[in-house]
2 protein chains.
Amino acid sequence: MPGARPTSRDVARAAGVSQSTVSLVLGGKWEGRISPATAGAVRAAADRLGYRPNLAARSLRLGTTRTVLLMIPTLSAPFFGAVHAGAARVAAEHGFGIVVLPWPDDAGPARSPFAAPHEAIDGILASSLAVEAVARFPGTPAVMLDSDPAGPTPTVDFDVAGGMAALAAHLGALGHRRVGHVAAAIDQWTFRARGEALAAAVRALPGGSYRRAAGPLTVGGARAAALGLLDAPDPPTALVCDDDAMAAGAYKAARARGLAVPGDLSVTGFDDDQLATALEPELTTVRLPAAELGARGMAALLELLGGGAPAPVSLPGRLVVRGSTAPPPHDRRTGGIPGA
Amino acid sequence: MPGARPTSRDVARAAGVSQSTVSLVLGGKWEGRISPATAGAVRAAADRLGYRPNLAARSLRLGTTRTVLLMIPTLSAPFFGAVHAGAARVAAEHGFGIVVLPWPDDAGPARSPFAAPHEAIDGILASSLAVEAVARFPGTPAVMLDSDPAGPTPTVDFDVAGGMAALAAHLGALGHRRVGHVAAAIDQWTFRARGEALAAAVRALPGGSYRRAAGPLTVGGARAAALGLLDAPDPPTALVCDDDAMAAGAYKAARARGLAVPGDLSVTGFDDDQLATALEPELTTVRLPAAELGARGMAALLELLGGGAPAPVSLPGRLVVRGSTAPPPHDRRTGGIPGA
DNA sequence: CCGATCCAGTCATACGTATTACCAACGGTG
DNA sequence: CACCGTTGGTAATACGTATGACTGGATCGG
């Protein structure tokens, strides 16, 4: 049966050695036990037959899968593609593989007791939006991404507070004082932290006033929240949004009220994803180092699996100034423009 | 060691039966061989101990993983989240699990010979952009999504030709005759088919003229391609884009030339992703049933794994008319409207 | 020239499961 | 009572790998 996948025993037969020798050579632990000549012969035979070790057998023997689960809230944002790439790079360097599990997902987790690739796992790397999902894997080492560093699980975070402070400073320098926050109505650390940091930074501006409206993390949700802020008396001259998609909603609200961005209203986003440059005007936002989040998170998880206690990490974002922010318009309510 | 994971033998001991009995009961093949009372006791013990079968052992024994690989080009588009959800639903119904492998990915595939969860697999479901990647898994049953139905591999496709024809008909009804195609410079069936169908449909319009400019599948690439079309003599009055992101680029090109969308220029997209409603004006596009693509693809793959020969499937898209299309402006060059 | 070392490997085994072949007890039949 | 079919289970085994225990022969020190 030439079609059947070759086993280590087939390689052994082809090389004229025993199966154990094959395993030793291919496992790299042969120095001093197997002669270089034999090792070469084994490798040649393995190559010739196209041998690939049976992962199930290895896992069974070793009791470990060298596989890590990456839980991401959805396959939606390019953001998570970068997180995956960073994590995969580090994982591969250490001989680990990654299984991606979108969560929450429309289909929910496959609860089939039969095939559940996401259960054959040594550790978990979970994005903040999958916090509660980690509870489904009790006893499995986990590292949380962009989550509360005060929690029981090790974390690798973005410095969202720093990012919000940078946005506030940028707006303050342009002259804005009344800042509205278009917030995601999601009760999770990363969003709470954004709100608290922004509020503090805005209030620290001379004469600064902070107001907040929350909605679902969608374009439509943000539009409604932004309208709430714009329609209030004494409306803000700048809207800081928790996310680039929400900024798109803010754009829509501005247009609905006949306000030009950035002439009448400045808008900022967060993340710097594809939308940021697809919009008109292009969005001033904070770029989060997604790939590094994945890489550092995986490094922390590997340390944890090795018995260590990874220190919390906080990755700074970078303010990216584009066309959606400008000085505030002259204040019409107080007749601010001289001579108007 | 209470912390160790219980095995079927532990369950057997707890229930006072043999390991084989546990396996028979939990495998559901006990009718007529094991008394209902014993079966109940086994199930109770398994529950009490929190027994979960060891997947590696099962795979080793059965020679099958009941796991399918889903290859998608990137974790970026919400589109693929829907594909995954659809596929996962069908897979779970049949006791299969899904492993997601982003491909191509910045990190490339994890070539580590040690952990490669994407190698412990029974079949592959591959998006069109991962065509060549499937070649890396010779001998593994595969179904291609949105790919050339004439190829050697079974396919489940979108009726992209129908979608393009619908767009052309819509534009034709509005009065457009000169249509530009902002095409993705990717040599793959789905894009070739889009181009061919659009060209044919436009040319079938009375006086219809089709022109094409290709660029990378990005906002910037589309902007450049669109400018090429707009700057030519006798420019198109409508731009049909291969993708919603490319439509965003067309918007930018229009703005750069001082053209209003849709007053001076109609623009259409393809896919109907998040961008379509984030843009201003909202995009007329073709909605592709992504979840159904995943579901039907998985069904086809399961049929293939079962020894069948799945018939090709073609899923129709749906024209979604929003604010980016309108009748063409009066033709200044020829003064074309009757009576003008 | 003989015992100790070392080299280059091989043998045997265990990981946890699914399944085939087997078996004991029992009730019914002729 | 000898025979047989059925009921309700058990024993044994194989999947492919990694690894600790072991071994035949060569080398070396004394």
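The figures here come from the full heavy-atom set of this structure, side chains too, leaving out hydrogens, waters and symmetry mates. Within every chain, numbering begins at 1; the chains are lettered A, B, ... in the order of the sequence lines, protein sequences first and strands thereafter.
- Sequence neighbours left out, the pairs with a member in residues 294-308 of chain A that pass side-chain hydrogen bond (donor to acceptor under 3.5 Å, both in side chains) are A:Glu292-A:Arg296.
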Take A:Leu293 and A:Phe158, measure what side chain to side chain contact (heavy atoms under 4.5 Å, CB included) needs, and give me the verdict at the end. CA-CA 8 Å; A:Leu293 184 76; A:Phe158 291 128; 3.6 Å; yes

Across nucleotides 9-16 of chain C, 5' to 3', mark each nucleotide with B, S or - according to how protein heavy atoms within less than 4.0 Å reach it. BBBB-BBB

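- Between A:Asp122 and A:Arg66 there is no salt bridge, since none of the side-chain N atoms of the basic residue sits less than 4.0 Å from a carboxylate O of the acidic one.
- Applying the side chain to side chain contact (heavy atoms under 4.5 Å, CB included) rule to A:Asp271 yields the partners A:Arg194, A:Asp243, A:Asp244, A:Leu288; only residues at least two apart in sequence or on another chain are considered.
- For the pair A:Phe80 and A:Leu70, the minimum side-chain heavy-atom distance is 4.5 Å or more.
- Separating the CG atom of A:Leu55 from the C1' atom of D:dT17 is a distance of 11 Å, rounded to the nearest angstrom.
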Identify each donor-acceptor pair in which a side-chain atom of residues 39-51 of chain B lies under 3.5 Å from a protein atom, sequence neighbours left out, and give them as a table.
none

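- Residues satisfying the salt bridge (Lys or Arg N to Asp or Glu O under 4.0 Å) test with B:Asp10, not counting sequence neighbours, are B:Arg13.
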Pair A:Thr38-A:Trp30, side chain to side chain contact (heavy atoms under 4.5 Å, CB included): steps then yes or no: CA-CA 10 Å; A:Thr38 314; A:Trp30 56 281; over 6 Å; no

Could you go over nucleotides 25-27 of chain D and give all protein N or O partners under 3.5 Å, atom names and distances?
none

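- Nucleotide D:dT19 holds its P atom 17 Å from the CH2 atom of A:Trp30, rounded to whole Å.
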